[in-house]
Amino acid sequence: MRSPPGRSVDAWGVQTTWLDASGTVRTVPPETVRLLHDRIGRRPADHHERSPIVTRPGRRLTGLVGEVALEDGTSARVDGKLPGDFPLGYHRLLRPDGRQQPLIVSPGRCWLPEQRRSWGWSVQLYAARSRSSWGIGDLADLRRLREWAQREGAGFLLVNPLHAAAPGLPQEPSPYLPTSRRFLNLLYADVEQAPGAAATDLTDLIGLGRARNADRRIDRDAVYALKNEGLRRVFASTPPDHDFAAWQGAKGPSLAQFAAFMVLAERHGPDWRSWPARLRDPATAVPAVSDRHPHDVVFHAWVQWVLDLQLSWACEGLAVVQDLPVGVFGGGADAWVWQDQFARETTIGAPADAFNSSGQDWGAPPLVPWRLRQSGYAPFIESVRATVERAGGLRIDHAMGLFRLWWVPRDGPPAGGAYVRYLAGDLLDILALESHRARALVVGEDLGTVEDGVHQSLLEHGLLSYRVLWLEADDPSSWPVQSLAAVTTHDLPTVAGLWSGADLADQLDHGVGDRAELVGARNAMLARLGQPPGGSTLDAVLFAHRRLARAPSMLTAATLEDVAVEVRRPNLPGVGGRDNWSLALPQPLEDLTASATAAAIARTLREEA
């Protein structure tokens with residue numbers, strides 16, 4: 001079968017030709033191809049026999065013969081075809097010759113709620129501070145937002161990634177480069193509501209924490225120092241109870257590995273690749289650290305229990321759609337545990353396109369496709385499951401990465417990389433299985449350059465597409481039903497920033513692109529907004545959401561930045577020296593949620609939902 005035009009793929013999965021954003025066929029230089037072959041490595045001869053079979057009930061597969069040890073402890077016999085009522089789940093095929101092979105059975109489509117239209121708020125949680133916050137929005141603030149959303153009749157919240165950062169200073173500001181996609185960030189803990197906090201003297205820390213709210217710039221380092229100290233005080237004064245012990249036991253080795261990593265990172269730095277050689281292998285380091293520093297290991301496990309409890313409270317009764325980043329920090333906890341799964345001296349990013357003429361390097365290492373498959377897709381499964389299990393929804397950042405990722409060799413320019421392909425069918429079927437188990441809808445962030453067939457494949461697997469007013473030439477009334485509709489995203493201008501020209505000035509101040517191109521992009525977005533009656537910035541915000549409300553999309557989201565009539569976007573991609581991911585909303589939640597603008601946007605979206 002011939003590859004589509006502009007998509008030649010070799011035996012390593014490297015896409016040696018590809019179509020750029022303008023539709024021009026590009027050829028990857030041979031030296032880049034050879035370099036990526038070295039990073040990928042050669043698959044073993046028995047790779048297919050050692051890798052899982054991912055399928056669906058009712059499908060016929062050659063060689064699918066034998067006894068199946070089902071996930072629930074029972075067994076079933078198969079002979080070339082799975083019955084239509086075959087149990088979903090993670091099983092093992094026991095072949096007649098004694099070989100075993102994982103068998104993953106998926107429904108093939110993600111779970112979708114019965115109520116097919118709802119609206120909600122898009123939240124950068126770190127920025128959403130209340131008067132009782134300690135300088136950063138936390139899970140208590142998420143709970144406040146959830147209660148407000150429920151009172152207003154909203155059906156969901158969409159939040160930024162809440163995943164763990166490495167301990168110590170400096171703290172990583174970007175929520176899209178976590179140390180782990182399986183555990184939560186200590187910064188989001190509400191220290192005052194931790195079990196045992198009421199019996200702990202936190203008076204000095206409470207005063208210092210709330211004083212941090214006077215500065216709109218979020219100082220993660222200062223917040224980390226305060227919250228780490230506060231949680232350690234609570235932990236020291238309140239011995240872990242049976243509830244924690246049961247939760248810890250249920251989490252098993254993954255929690256033990258993460259807690260050990262955190263202890264080692266406190267002592268040796270956040271990047272395991274710079275640690276002493278004896279500590280780089282989790283198999284020997286985890287038991288050694290647990291023996292030598294048991295108190296500290298349990299502390300970090302306990303912090304995760306506190307975070308898990310508070311996230312559960314925050315999400316109660318409402319779908320909270322959490323964001324799954326496309327990757328993790330290469331020196332972090334997940335990369336330490338699964339170091340044989342990641343390509344060395346390589347990061348992921350994007351080729352040059354209309355948004356960035358130099359390409360992008362996101363700093364995260366890619367998983368090697370054949371190694372990921374041979375692991376039974378463990379890094380993917382565990383990351384999806386951990387992110388979705390409490391929340392009721394999942395947004396897949398850069399959903400095109402399920403099909404292919406742009407690999408950038410170390411020390412090379414982002415534009416000098418190449419695409420490497422993944423088994424998207426397997427990944428999407430696993431995503432559908434985890435979605436059903438958690439009863440969680442899934443949104444695929446499919447913005448930017450999208451190759452042919454991706455939108456259709458996501459649609460067939462039950463993922464919601466992402467439609468953004470600033471990027472769509474068509475009127476919102478023509479957008480697909482199976483989508484999440486929004487005016488903007490964290491990487492694009494707010495309505496106030498676009499309308500006032502403040503966002504254009506921000507880009508020019510930071511040397512982003514060519515002035516003529518930036519002005520052209522702004523004019524295109526203004527044309528998609530249209531002319532609001534009255535012409536003020538507030539008129540533009542309300543008018544944009546009236547336009548958005550025409551979309552028939554299953555989910556419609558408004559950002560808190562637009563509620564606040566904020567002119568600065570949360571993130572200006574590829575720019576240093578700016579408060580990316582570190583600018584709090586201009587009003588505390590108590591004022592923001594009671595504002596006339598919030599009420600007007602909620603009324604507009606509620607009446608159309």
Side-chain angles (χ1 to χ4, degrees), residues 9-15 36-57 59-82 86-106 108 181-182 252-254 257 281-284 328 334-344 346 365-385 401-405 407 420-434:
V9 182
D10 66 19
W12 278 261
V14 178
Q15 196 169 316
L36 293 182
H37 285 177
D38 178 64
R39 302 290 194 268
I40 293 167
R42 190 176 294 276
R43 298 180 304 188
D46 62 348
H47 169 66
H48 292 292
E49 289 73 25
R50 295 169 58 186
S51 299
I53 300 168
V54 183
T55 187
R56 305 177 192 174
R59 279 190 172 173
R60 184 176 297 279
L61 290 173
T62 302
L64 188 61
V65 176
E67 194 80 11
V68 177
L70 298 174
E71 193 175 22
D72 64 3
T74 62
S75 63
R77 181 76 185 173
V78 294
D79 191 6
K81 181 180 179 180
L82 289 183
F86 198 85
L88 305 178
Y90 298 91
H91 315 303
R92 295 197 69 81
L93 175 64
L94 313 177
R95 295 188 179 278
D97 62 4
R99 289 183 295 120
Q100 297 187 21
Q101 192 168 8
L103 176 66
I104 302 174
V105 183
S106 166
R181 297 191 296 178
R182 297 178 294 162
S254 63
Q257 292 166 341
D281 182 357
T284 55
V328 295
D334 285 358
W336 180 59
V337 170
W338 288 312
Q339 55 193 265
D340 61 332
Q341 302 289 312
F342 287 92
R344 67 187 189 282
T346 312
L367 288 157
V368 176
W370 72 263
R371 291 184 180 275
L372 173 63
R373 186 182 178 214
Q374 197 160 286
S375 75
Y377 295 106
F380 181 72
I381 293 168
E382 290 191 32
S383 298
V384 168
R385 185 177 297 163
L402 300 171
F403 298 80
R404 65 180 185 177
L405 282 171
W407 287 30
V420 175
R421 303 202 68 84
Y422 292 76
L423 286 178
D426 282 7
L427 296 173
L428 287 167
D429 274 354
I430 289 169
L431 187 59
L433 175 58
E434 292 297 328

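Checked against salt bridge (charged side-chain N to carboxylate O under 4.0 Å, His left out), Arg344 has the following partners two or more places apart in sequence or in another chain: Asp38. Annotation: side chain to side chain donor-acceptor pair (under 3.5 Å) contacts of Glu49 (sequence neighbours excluded): none. Applying the side-chain contact (heavy atoms from CB on, under 4.5 Å) criterion to Ser375, with sequence neighbours excluded, gives Gln341, Leu372, Ala378, Pro379. Under the side chain to side chain donor-acceptor pair (under 3.5 Å) criterion, Ser51 pairs with His47, not counting sequence neighbours. Annotation: salt bridge (charged side-chain N to carboxylate O under 4.0 Å, His left out) contacts of Asp46 (sequence neighbours excluded): Arg50. With sequence neighbours left out, the side-chain contact (heavy atoms from CB on, under 4.5 Å) criterion links Thr62 to no other residue. With sequence neighbours excluded, no residue forms a ring pair (Phe, Tyr, Trp, His ring centres under 6.0 Å) with Phe342. Every residue two or more places apart in sequence or in another chain that forms a side-chain contact (heavy atoms from CB on, under 4.5 Å) with Pro369 is listed here: Trp407, Val420, Tyr422. Residues satisfying the ring pair (Phe, Tyr, Trp, His ring centres under 6.0 Å) criterion with Trp12, sequence neighbours excluded, are His37. Legend: residues meeting side chain to side chain donor-acceptor pair (under 3.5 Å) with Gln101, ordered by chain and number and at least two apart, are Arg95. Partners of His48 by ring pair (Phe, Tyr, Trp, His ring centres under 6.0 Å), not counting sequence neighbours: none found. With sequence neighbours left out, Arg77 forms a side-chain contact (heavy atoms from CB on, under 4.5 Å) with Val65, Glu67.
Annotation for Ala343 and Pro365: closest pair O-CB, 4.0 Å, computed over non-hydrogen atoms. Here the closest heavy-atom approach between residue Leu402 and residue Leu427 is recorded as O-CD1, 3.6 Å. The nearest pair of heavy atoms linking Leu431 to Phe380 is N-CE2, 4.3 Å. Nearest approach of Gly89 to Glu71, heavy atoms of both residues: CA-OE1, 3.5 Å.
Atom CZ of Phe86 is separated from atom NE2 of His91 by 5.0 Å, given to the nearest 0.5 angstrom. Interatomic distance, CD of Glu434 versus OG of Ser106, reported as 9.5 Å (0.5 Å rounding). Summarising the geometry, atom CZ belonging to Arg99 is positioned 11.5 Å from atom CG belonging to Leu94; distances are rounded to the nearest 0.5 Å. Going from atom CG of Leu433 over to atom CD1 of Ile381 covers 8.0 Å, rounded to the nearest 0.5 Å. Taking CG from Leu70 and CG from Leu88, the interatomic distance works out to 11.0 Å, rounded to the nearest 0.5 Å.
Ion pairing between Asp429 and Arg56 holds under the 4.0 Å rule for side-chain N and carboxylate O. With respect to Arg181 and Asp334, no salt bridge is recorded, no charged nitrogen being found less than 4.0 Å from a carboxylate O.
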Checking Val337 against Arg182 for the side-chain contact (heavy atoms from CB on, under 4.5 Å) test, could you report, in this order, the C-alpha distance in whole Å, the side-chain angles of both residues, the deciding distance, and whether it holds?
CA-CA 12 Å; Val337 170; Arg182 297 178 294 162; 3.9 Å; yes
Applying side-chain contact (heavy atoms from CB on, under 4.5 Å), run through Tyr377 and Leu367 and close with a yes or a no.
CA-CA 10 Å; Tyr377 295 106; Leu367 288 157; over 6 Å; no
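Side-chain contact check for Pro366 versus Arg39: every heavy-atom pair is 4.5 Å or farther apart. Side-chain contact between Leu64 and Leu103: present, with at least one pair of heavy atoms (C-beta onward) separated by less than 4.5 Å. You'll find the side chain of Val14 reaches within 4.5 Å of the side chain of Ile40, heavy atoms only.
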